[in-house]
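Read the structure below first, then the notes.
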Amino acid sequence: MHTQQSPSPSADRRLSVLARHLEPSSSTAVEGHSNHSIVGAPTSGYDGKQSVFSHIVRAPEDPILGVTVAYNKDTSPVKLNLGVGAYRTEEGKPLVLNVVRKAEQLLVNDRSRIKEYLPIVGLADFNKLSAKLILGADSPAIQENRVTTVQCLSGTGSLRVGGEFLAQHYHQRTIYIPQPTWGNHPKIFTLAGLSVKSYRYYDPATRGLHFQGLLEDLGSAPSGAIVLLHACAHNPTGVDPTKDQWEQIRILMRSKGLLPFFDSAYQGFASGSLDIDAQSVRMFVADGGEVLVAQSYAKNMGLYGERVGALSIVCRNADVASRVESQLKLVIRPMYSSPPIHGASIVATILKDRNLYHEWTLELKAMADRIIRMRQQLFDALRAKGTPGDWSHIIKQIGMFTFTGLNKEQVAFMTKEYHIYMTSDGRISMAGLSSRTIPHLTDAIHAAVTRAR
């Protein structure tokens, strides 16, 4: 017969109280059974001896965030973190934009502001201004009320809400994502309920766009499939289609009824121009077809920790857009109920004030220009050192990241010998570089390609 150890006095007291609450009335008591015989189940953990979660195995570190974990443990004075997906100054420090500080001060000084819940769809001004930023202030889709925009938890949350909406209401549940793409994309869409497939995008041989493979793969995709597209500054490769290539992609997708879902994480951060970086999205909206766009203000306003984003769905007409919004509310409500107010208020304050908006565009261009300078300086340093290989892809690629072409062995060599941290696929964050650290990186790359082939 199985026997249990006697519970502790404190456990006895808790069980006694529970027993009194559960005790049946005398009229319903079962004869021969004590009303105080309740004992903890073996899995309740009441005796403190073993966790009910003791079977859980330790999960591996996120491949991107894990780089920073390893970097933080390194005590070398020359260590360099090129894995972080956040802007850094020339001194290697995080940056809060001056215009963001001004907007925050205005918000703090406004005594009429309250902390009530936002509506499920978020801050109305933020949504309206976000749609205009990505689609253009003169967009016919906006003028015709064919766009529904909901505030979400940065780019990740916008993608997840869009994915779950499509899984529930769209007739095709397959989404094609570029190979490679941001590591979180397949996880987001799989958990949202979509089937994830890939299409060729990056060509390792040229370290550029595999355009023919892209066209072939999308051409063979089933009619109506969803296609994830990076609006600009493709992560992780930094390789973008040209305007003519975008037009060919648009024509192919529309001819097959493929549904475009844009991830816009770097508007203004790639070229320094908000309008240039939104061209790809606007081309798809201009033809009158339907489009989904996930926006993030993490990079272009430096609001990483505020988690500010938006999902816009461009529909055929205003009635459909209204019905789509009603269903988006049903996706959001059980997920996080309503979004946070502070970050969205910062964005809205900047976007609706002409002077603040102008100041933001100048700061944004300064960040983009610094990254472009880092690309040129690294390319020049590698060429001056005579490092084997053609490194022109560094200045041809765009945005925060560069796909160096270094393999896993070379990356591991650079980490061990030079204390330089990056993802194992050879992706580096150009924002993590400075004029001071480029010589160290150049030495490491040179050694890696000559000794760790």
Side-chain angles (χ1 to χ4, degrees), residues 64 68 80-104 129-130 133-134 154-155 182 230-240 263-281 294-310 343 346-351 353-380 394-403 422 427-438 441:
I64 297 174
T68 299
L80 180 60
N81 186 3
L82 299 180
V84 63
Y87 184 80
R88 294 291 181 263
T89 65
E90 180 68 16
E91 294 73 38
K93 303 295 184 184
L95 175 69
V96 178
L97 302 186
N98 288 328
V99 71
V100 167
R101 293 198 186 278
K102 287 182 180 180
E104 285 187 308
L129 293 162
S130 292
L133 186 70
I134 189 67
S154 202
W182 180 44
H230 295 232
C232 65
H234 180 274
N235 176 7
T237 68
V239 174
D240 285 355
D263 185 356
S264 178
Y266 301 97
Q267 186 184 359
F269 204 89
S271 68
S273 166
L274 289 158
D275 290 328
I276 290 174
D277 291 350
Q279 275 184 342
S280 60
V281 175
Q295 283 172 273
S296 166
Y297 289 95
K299 273 73 178 182
N300 59 17
M301 279 196 190
L303 296 174
Y304 305 95
E306 298 290 357
R307 314 310 294 141
V308 196
I346 293 171
V347 173
T349 300
I350 293 169
L351 294 184
D353 183 284
R354 181 177 298 178
N355 293 329
L356 290 178
Y357 180 86
H358 179 65
E359 185 175 344
W360 174 50
T361 61
L362 295 178
E363 289 195 81
L364 182 53
K365 189 173 190 312
M367 289 192 290
D369 286 350
R370 193 184 90 74
I371 288 178
I372 292 169
R373 283 198 308 275
M374 292 304 100
R375 289 183 177 281
Q376 189 65 52
Q377 288 182 26
L378 178 58
F379 170 72
D380 291 344
I394 292 174
I395 50 178
K396 291 176 183 174
Q397 294 171 9
I398 193 170
M400 182 176 284
F401 301 108
T402 285
F403 231 40
M422 67 185 81
R427 185 200 78 165
I428 63 173
S429 170
M430 301 307 298
L433 275 177
S434 68
S435 301
R436 178 181 56 83
T437 57
I438 280 177
L441 176 61

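These numbers come from a predicted model, not from an experiment.
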**Request:** Please name all residues satisfying side-chain contact (heavy atoms from CB on, under 4.5 Å) with Ala103, sequence neighbours left out, ordered by chain then number.
**Result:** Ile346, Thr349, Ile350
**Complete:** Those residues at least two apart in sequence (or on a different chain) that pass side-chain contact (heavy atoms from CB on, under 4.5 Å) with Ser429 are Met400, Phe401, Ala431
Please check: side-chain N/O of [X] versus main-chain N/O of [Y], any donor-acceptor pairing under 3.5 Å?
| X | Y | result |
| --- | --- | --- |
| Trp360 | Asn300 | yes |
| Ser280 | Ala231 | yes |
| Asp240 | Ala233 | yes |
| Asp277 | Gln267 | no |
| Gln377 | Ile438 | no |
| Arg370 | Arg88 | yes |

Side chains of [X] and [Y] in contact at under 4.5 Å (non-hydrogen atoms):
| X | Y | result |
| --- | --- | --- |
| Ile371 | Tyr87 | yes |
| Lys102 | Glu359 | yes |
| Tyr357 | Leu133 | yes |
| Met301 | Leu351 | yes |
| Ile428 | Leu378 | yes |
| Glu90 | Met374 | yes |
| Leu433 | Leu80 | yes |

Looking at [atom1] of [X] and [atom2] of [Y], how far apart are the two atoms once the value is rounded to the nearest 0.5 Å?
| X | Y | atom1 | atom2 | answer |
| --- | --- | --- | --- | --- |
| Ile394 | Phe403 | CD1 | CZ | 13.5 Å |
| Leu364 | Leu97 | CG | CG | 8.0 Å |
| Trp182 | His230 | CH2 | NE2 | 9.5 Å |
| Ser264 | Lys299 | OG | NZ | 11.5 Å |
| Ile398 | Thr237 | CD1 | OG1 | 11.5 Å |
| Ile372 | Ser271 | CD1 | OG | 7.5 Å |

**Chi angles and distances behind the side chain to side chain contact (heavy atoms under 4.5 Å, CB included) call for Val347, Leu129** = CA-CA 9 Å; Val347 173; Leu129 293 162; over 6 Å; no
**Message:** Tell me the closest heavy-atom pair linking Ile276 and Ser273, and the distance in Å.
**Reply:** N-OG, 3.1 Å
**Message:** Tell me the closest heavy-atom pair linking Gly85 and Tyr304, and the distance in Å.
**Reply:** O-CE2, 3.8 Å
